[in-house]
Amino acid sequence: MTPDSADAVAPSSQAIDRARALLAEARRVVVFTGAGVSAASGVPTFRGAGGLWRSFRPEELATPEAFARDPRLVWEWYALRRALVAECRPNAAHRAIARWAAAVIARGGSAVVATQNVDGLHQRAAAAAEAEDRIPAAPVLALHGSLFATRCSRCDWRAPEDDRDGAHVAGRPLDLTARETLPRCPRCGGLQRPGVVWFGEALDEGMIGAAYDAAARADACLAVGTSALVHPAAGIATAAARAGAAIVEVNADETPLTARATVSIRGRAAEVVPLVLGA
Ligand code: BJW
Ligand code: ZN
């Protein structure tokens with residue numbers, strides 16, 4: 001099923017009610033998300049119809065080898081995505097998750113949002129909800145880094161601030177004319193690169209550790225809009241299931257997680273998530 005046909009099968013109100021009841025009584029929660037949660041904001045998913053990788057193979061762009069081979073092409077792709085995502089806003093799913101996770105903490109529980117997304121939309125929704133509701137936001141663990149962050153491909157230098165558009169890298173105009181004009185590390189002269197996690201690279205140990213710890217303690221896990229194919233992140237929901245947590249999945253399609261879910265709802269995140277979170 002493609003995202004556009006997701007509501008061809010309307011999620012049953014019984015499944016929504018069951019999911020809502022499970023999540024309403026949860027005290028220790030982990031929300032695990034992927035690209036589908038941002039689809040309604042206009043951010044393309046990776047796999048499937050309309051996915052970013054229908055025209056590019058991941059190993060051609062999202063690996064350190066691809067960057068070493070053709071850094072100009074890789075920067076071009078990330079600059080386009082930065083420009084696109086800079087125009088996007090959090091949607092109803094991001095907002096409902098932010099409000100619900102903060103409310104779980106406010107009533108004495110614990111909540112963590114572990115996202116594979118690099119678009120920053122959960123963080124923006126959390127900041128907006130915090131400003132509006134005046135209760136502290138739940139932490140957002142950006143497991144695969146940030147589209148707007150920049151670091152060195154050789155040493156551990158990181159740009160002090162994120163960029164805000166596709167035209168700048170580490171605050172300076174991006175010149176894609178040739179390999180020689182690409183941005184260089186101020187410390188070692190190596191090429192600067194996007195601050196995301198590519199295939200074959202380790203995730204931040206503290207971050208993935210915190211996500212697995214939250215999963216091991218969780219009594220409920222809400223998994224939204226992820227194909228649950230990419231490891232080690234994909235193991236977060238299964239770790240929660242092993243620990244006895246109720247798993248509520250919201251996805252346009254079936255995934256490897258569906259069979260392990262307590263309730264799995266086919267539908268669009270921006271429509272279904274606010275319903276199951278009682279927003
Ligand atoms: C909707 C919807 C709507 C649509 N509403 N739903 C164990 C087993 C097998 C392989 C491995 C393993 N462990 C490690 C590996 C290798 C590899 C891996 O997992 N490969 C598999 C693909 C087989 N993993 C890695 O390489 C990881 N690193 C690692 O393991 O390092 C080990 C190491 C240790 C010590 C030293 C050195 C190394 C790193 C993985 C990094 C992934 N990076 C990317 C790119 C990020 C940068 C960028 O954005 O360019 O992250 S890949 C890409 O996939 C991106 C995503 O975060 C990630 C997950 O995708 P996601 O979010 O699930 O999106 P989609 O498109 O796949 O799915 C969307 C879903 O939503 C679909 O189900 C739709 O139906 C649905 N949907 N619209 C609701 N409106
Ligand atoms: Zn460097």
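In listed order, ligands and their atoms are each counted from 1. Predicted model, so just to flag it, every value in this text is computed and none were measured.
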Distance-only donor-acceptor check, side chains Arg266 and Ser264, under 3.5 Å | yes
Considering the heavy atoms of Thr45, write down every atom of ligand 1 situated less than 4.0 Å from one of them.
-> 4 (C), 66 (O)
Looking only at non-hydrogen atoms, which of Phe199, Phe32, Tyr78, Phe46 approaches atom 55 (C) of ligand 1 most closely?
-> Phe46
Which option out of Gly36, Gly34, Gly225 puts a heavy atom nearest to atom 80 (N) of ligand 1?
-> Gly36
Compute the minimum heavy-atom distance from Ala40 to ligand 1 and say whether it is under 4.0 Å.
-> no
Contact region, Glu201 to ligand 1, non-hydrogen atoms below 4.0 Å, reads backbone
Going by an N to O cut-off under 4.0 Å, is there a salt bridge joining Arg260 and Glu249?
-> no
N-O pairing of Arg82 and Asp163 below 4.0 Å | yes
The atoms of ligand 1 lying under 4.0 Å from a heavy atom of Arg81, numbered in the order shown, are 48 (C), 49 (O), 50 (O)
Nearest atoms (heavy-atom pairs only) where Leu182 meets Arg72 = CD1-N, 3.7 Å
Numbering as shown, the atoms of ligand 1 that approach Val196 to under 4.0 Å (heavy-atom distance) | 47 (C)
Per-atom filter on ligand 1: closer than 4.0 angstrom to a heavy atom of Trp198 are 39 (C), 41 (C)
Where is the tightest heavy-atom contact between Val140 and His122, given as atom of each residue plus distance?
-> CG1-CB, 3.9 Å
Polar contact flag, side-chain donor to acceptor under 3.5 angstrom, Thr115-Thr33 = yes
For Ala35, take its heavy atoms, then give the atoms of ligand 1 lying under 4.0 Å from any of them.
-> 61 (P), 62 (O), 64 (O)
Answer side chain, backbone, both or neither: which part of Ala269 comes under 4.0 Å from ligand 1, heavy atoms only.
-> both
Treating Ile, Leu, Val, Met, Phe, Trp and Tyr as nodes and any side-chain heavy-atom pair under 4.5 angstrom as an edge, say whether Leu257 and Val248 lie in one connected cluster.
-> no
Quick one: do Arg99 and Asp133 make a salt bridge, cutoff under 4.0 Å?
-> yes
Side chain, backbone, both or neither: Leu147 near ligand 1, heavy atoms under 4.0 Å | neither
Counting each atom of ligand 1 from 1 as listed, which ones have a heavy atom of Thr226 under 4.0 Å away?
-> 61 (P), 63 (O), 70 (C), 71 (O), 73 (O)
Using a strict 4.0 Å threshold on nitrogen-to-oxygen distance, state whether Glu201 and Arg193 make a salt bridge.
-> yes
Do Val37 and Val273 share a hydrophobic cluster (ILVMFWY, side-chain heavy atoms under 4.5 Å, transitive)?
-> yes
Compute the shortest N/O to N/O distance between Gly200 and ligand 1 and return yes if it is under 3.5 Å, no if not.
-> yes
Could you check which of Asp253, Thr115, Val230, Val197 puts a non-hydrogen atom nearest to atom 44 (C) of ligand 1?
-> Val197
Atoms of ligand 1 under 4.0 Å from any heavy atom of Val118, numbered from 1 in the order shown, are 49 (O)
Indicate, as side chain, backbone, both or neither, the part of Asn251 found under 4.0 angstrom from ligand 1 when only non-hydrogen atoms are considered.
-> both
Under 4.0 Å between a Lys/Arg side-chain N and an Asp/Glu carboxylate O for Asp156 and Arg187?
-> yes
For Thr262 against Ala245, the heavy-atom pair lying closest together | OG1-O, 4.5 Å
Under 3.5 Å, is there a donor-acceptor pair linking the side chains of Gln116 and Thr226?
-> yes
Which heavy-atom pair separates Ala138 from Ala101 by the least distance, and what is that distance?
-> CB-CB, 3.6 Å
Does Gly145 have a non-hydrogen atom less than 4.0 Å from ligand 1?
-> no
With heavy atoms of Ala39 as the reference, note each atom of ligand 1 found under 4.0 Å away.
-> 78 (N), 80 (N)
Total protein N, O or S atoms, the Zn ion (ligand 2), separation less than 2.8 Å | 4
Name the option, out of Arg268, Arg266, His144, His231, that contains the heavy atom nearest to atom 25 (C) of ligand 1.
-> His231
Answer whether the closest heavy-atom distance between the side chains of Pro256 and Leu229 falls below 4.5 Å.
-> yes
Using a 4.0 Å heavy-atom cut-off, say whether Arg47 meets ligand 1 through its side chain, its backbone, both or neither.
-> both
When only distance counts, is Ala252 in polar contact with ligand 1, meaning an N/O pair under 3.5 Å?
-> yes
Can you find a pair of side-chain heavy atoms, one from Arg158 and one from Cys152, that are under 4.5 Å apart?
-> no
